[in-house]
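For reference, the structure discussed in these notes is given below.
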Amino acid sequence: MKPSATTRRLLRYFKPHRQRFVLAILLMALQALIPGTLVLLIETVLDDVLIAKDTQMLAILPFALVALYVVGGLLTVGRGMLTRHIAWDVITTLRAEVFWHLLHLDARWHQKHPTGETLARLSQDVNMVQYGVSGIVTAIQQPLTLLVLLGAAAWMNPWLTLIAIAVLPLVAWPIARFGRRLRHSSRASLDNMAELSGSAGETLSGMRTVAIFGGENERGQRFDTANEQQRQLQMHVFLANLMPGPVIEVIAAVGVGAVLWVGGKQVFAGEVLAGELIAFMVALGLLNEPLKGISKIHSLTQRAISGAESLFSILDTKPCVADQGTAEATTSTVGLDFKDVGFDYGDGPVLCNLNFKIGAGEVVALVGPSGSGKSTIANLIPRLMDPCTGSIQLGGIDLREYRLASLRRSIAVVSQEGFLFDDTIAANIAFGTAATPEEIVNAANVANAHGFIEDLPNGYHTRVDELGMRLSGGQRQRICIARAILRDAPILILDEATSALDAESEALVQEALDRLMKERTVLAIAHRLSTVRNADRILVLEEGKLVEHGSHDALIAAEGHYARLIQHQTIGLA
Ligand code: ADP
Ligand code: MG
C-alpha cells in the first residue's frame, strides 16, 4: 500500500473523533495567543501604567497576570487530555480490530507467524501508531505559530519577508528525504523486533528442550544477531529523526544571511533603521522552532505509517478458509464423503485423490505411517484448511456451503496435544459452551476425570496455571475429553488421542473415549491396535493415498499394507 493510502486509511480512524479534534485545535489556537497577550501586557505596564502612574490599573494588573496563567494552565491540561483521549481511542479501536481479525485468520496463517511475532505487532506496532497519533495532534500548534510569526514579519517589512520566505521551499527537501528514510528504517526495526520476539518466544516456550539438548549457545547467538541488527536499525531511526532539524536550521540561516545582506544595504542607504532590522531578524530567528516542529510532524507521521502498514497488512489478509456458506448443520447431517480430495501445503502433494465415506454412526479408523497425511485429513473436516482439489461433503452438502460456526459446532476433536487455557478446570471443560456446573461435573464423570479433579486443592475452581506441571498427560487428556463430551457434537475426530500416554492412563482415557464415541460418527486416527480392532472399518493411508480399506480381520487376511504395518509394529499391539 502506498504511504498516502496508509495515511488516508489511518485518518479514517479519527473520523468518529472529529468534534474533539476540532476542539483540540481551537484550544491550541487559544494557547498560541498567550505569549502574544503577555507581550501586550508588558507593553501596557510600561507605557500606560508605570509611566502614566495609573494606580487603579496597577491594582488590576497582577490579577490579570495570574488569570492569564490560570487560563494558560487550563488550556494545557484540557488540550493534553483531549489529544491523549483521541490517540488512545484510536489505538484501542485499532488493536481490537487486529485482534478480532487474528481470531478469524486460518490455522495456516497462524502456523506461519510465531505467536511472539504476532504479539509484538499487537504491542509495539500499535504503540508506534499511538506515538505518531498523539504527536500529530499536538504538533498542529507549530504551523499556527509559524503563520502568526510570518504575519508579524510581513507587517514589519514585507520585502525582507519575501526574501526570507524564498528559501522556505528548500526546507521541503530534508523533510521529505529523511521522512522517507525514517519510514523505511522504522518499518525495518519493527519487523526485526517482531522477528526477535517470535524467536525469543519460541526459545522460552521450548526451554526444556533447549536445556536438555544444550542449545543455549545456539539460541543465544540467534538472539544476539537479531539484537545487534535491532541496535543498528535503531541508530538509523535515530539519525533519520535527528537530521532534518539541523539541516533546516542551515537552510534558514541562508535566508537570514540573505536578509542581513539586503537589509544591511537598506540600512546603509538610510531606508531602514538599524533597530528595525534587528527586530526583524529576531522574528526570523523565532521561525526556526515552528519550522522544526513541522518537520517533526512529518517524522512522527512517517513512524505512525510504518506501524500502521504492518497492522493494515494483517487486516487485509483474507482467511484462506472463507465463511460464506449459509447452510446449517444439524444433528442428523452426519455422513462424511471425501470426493477426489487433494491437498498441498505448498511443497508437493500431501493428499492425492482421496475417495471415501464415513456413514452416519460409523466408527472408521485411519492408520498409516507417520507423515502419511492423517492429521491433514483430520484438519480438513472442521475446515481448519480447505482441500486444494475435490470436495468434502457433510450430509450431501459441500463443507464450504455451511456456516462455519454451524459446521464446527457439529464436530468435536480430541487430539494429542491436549491444550488447556490458563483458567479454571471448570472453564476449560465448559470452553465454547454455556454449561451449568452440574453439566460440567457430569461430563467430567463420563471422561473419568471427576475423581482427580475433586482431589485438586480447589476442585473444579483450581486454575490450570497454578498447577503448572502437576497435571499428567492423561489427566489433561481427560479434561479435553470432558470438553468434547459437553460439546455433544454428532461427529467426533480423534487424532492420536491416546498415543502420548502410558499404558495405565491410556486405559482410563480409552474408557472415556469409548463412552464419548457412543452413537457418534467417528474418525479415529490411532496407532494402537486396541482402538483400530473395534472400528467398523479401517482405512490405510500411505503417502497421501488410500491403499487399503476393510475390517481388521479382512485386512490381516489380505496380507497387504495393514498386515505389514502391524508386523513392523507401526501400529502397536496393545
Ligand atoms: P500424519 O498425521 O499422518 O503423521 P500429517 O498430516 O501431519 O501426517 O503430515 C503429512 C505431510 O504434510 C507430512 O509430510 C508433513 O511434513 C506435511 N505437513 C504437515 N503439516 C504441515 C504444515 N503446516 N506445513 C507444511 N507441511 C506440513
Ligand atoms: Mg498426525
Side-chain angles (χ1 to χ4, degrees), residues 102 105-118 198-199 201-202 205-206 317 319-321 336 338 340-356 358 364-390 392 399 411-419 473 476-477 480-481 484 491-501 506 509 513 522-532 535 537-549 555 561-562 564-566 568-572 574:
L102 286 171
L105 276 180
D106 53 285
R108 294 201 54 201
W109 188 92
H110 286 287
Q111 264 172 2
K112 271 189 225 141
H113 298 83
T115 317
E117 180 189 312
T118 312
S199 147
E202 197 185 11
S205 54
T317 310
C320 297
V321 174
L336 279 165
F338 278 62
D340 293 323
V341 169
F343 189 82
D344 179 343
Y345 283 102
D347 29 38
V350 168
L351 301 177
C352 329
N353 270 329
L354 283 184
N355 281 291
F356 65 87
I358 305 175
V364 170
L366 183 61
V367 300
S370 127
S372 54
K374 304 183 295 295
S375 297
T376 305
I377 293 179
N379 291 338
L380 288 175
I381 300 172
R383 287 193 69 206
L384 293 180
M385 326 169 297
D386 281 332
C388 301
T389 56
I392 305 170
L399 294 184
I411 300 167
V413 180
V414 180
S415 65
Q416 199 174 346
E417 64 173 335
F419 185 82
R476 285 175 169 267
Q477 203 58 306
C480 291
I481 293 172
I491 297 169
L492 175 64
I493 299 170
L494 306 174
D495 189 357
E496 315 232 18
T498 59
S499 61
L501 306 178
E506 196 200 336
V509 171
L513 284 175
V522 182
L523 177 69
I525 298 172
H527 75 301
R528 302 256 169 111
L529 193 57
S530 50
T531 325
V532 177
R537 218 147 38 90
I538 300 166
L539 305 175
V540 186
L541 198 68
E542 221 157 78
E543 294 184 359
K545 292 185 195 76
L546 209 56
V547 287
E548 266 179 356
H549 60 97
L555 288 173
H561 299 267
Y562 182 72
R564 276 199 296 281
L565 275 175
I566 287 184
H568 294 123
Q569 298 204 334
T570 315
I571 299 180

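Start at 1 and go down the list; that is how both ligands and their atoms are numbered. Atoms considered below: every heavy atom in the structure, side chains included; atoms not considered: hydrogens, waters and symmetry mates.
When every heavy atom of A365 is checked against every heavy atom of A535, the shortest pair comes out as CB-CB, 3.7 Å.
Side-chain contact between L380 and M385 is present, with heavy atoms from C-beta onward closer than 4.5 Å. T317 is listed as a side-chain neighbour of L105, based on a closest heavy-atom distance under 4.5 Å. Using a 4.5 Å cut-off on side-chain heavy atoms (C-beta onward), I377 and L351 make contact.
Using modelled atom types, no side-chain atom of N379 and backbone atom of L384 make a donor-acceptor pair closer than 3.5 Å. With Q477 contributing its side chain and A497 its backbone, the two residues share a donor-acceptor pair below 3.5 Å. Judged purely by atom type and a 3.5 angstrom limit, K545 has no side-chain atom pairing as donor or acceptor with the backbone of N353.
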Report all N/O contacts between ligand 1 and the protein shorter than 3.5 Å as a table of atom names and distances to 0.1 Å; if there are none, say 'none'.
residue, atom, partner, partner atom, Å
ligand 1, 2 (O), S375, N, 2.9
ligand 1, 2 (O), S375, OG, 2.8
ligand 1, 3 (O), S372, N, 3.2
ligand 1, 3 (O), G373, N, 3.0
ligand 1, 3 (O), K374, N, 2.8
ligand 1, 3 (O), K374, NZ, 3.0
ligand 1, 4 (O), G371, N, 2.7
ligand 1, 6 (O), S375, N, 3.4
ligand 1, 6 (O), T376, N, 2.9
ligand 1, 6 (O), T376, OG1, 2.5
ligand 1, 8 (O), G373, N, 3.2
ligand 1, 20 (N), Y345, OH, 3.4
ligand 1, 23 (N), Q111, OE1, 2.7

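Here 1 is the count of protein N, O or S atoms positioned under 2.8 Å from the Mg ion (ligand 2), waters not counted.
Judged as a side-chain hydrogen bond (donor to acceptor under 3.5 Å, both in side chains), and not counting sequence neighbours, H113 has no contacts. For E543, there are no salt bridge (charged side-chain N to carboxylate O under 4.0 Å, His left out) partners two or more places apart in sequence or in a different chain.
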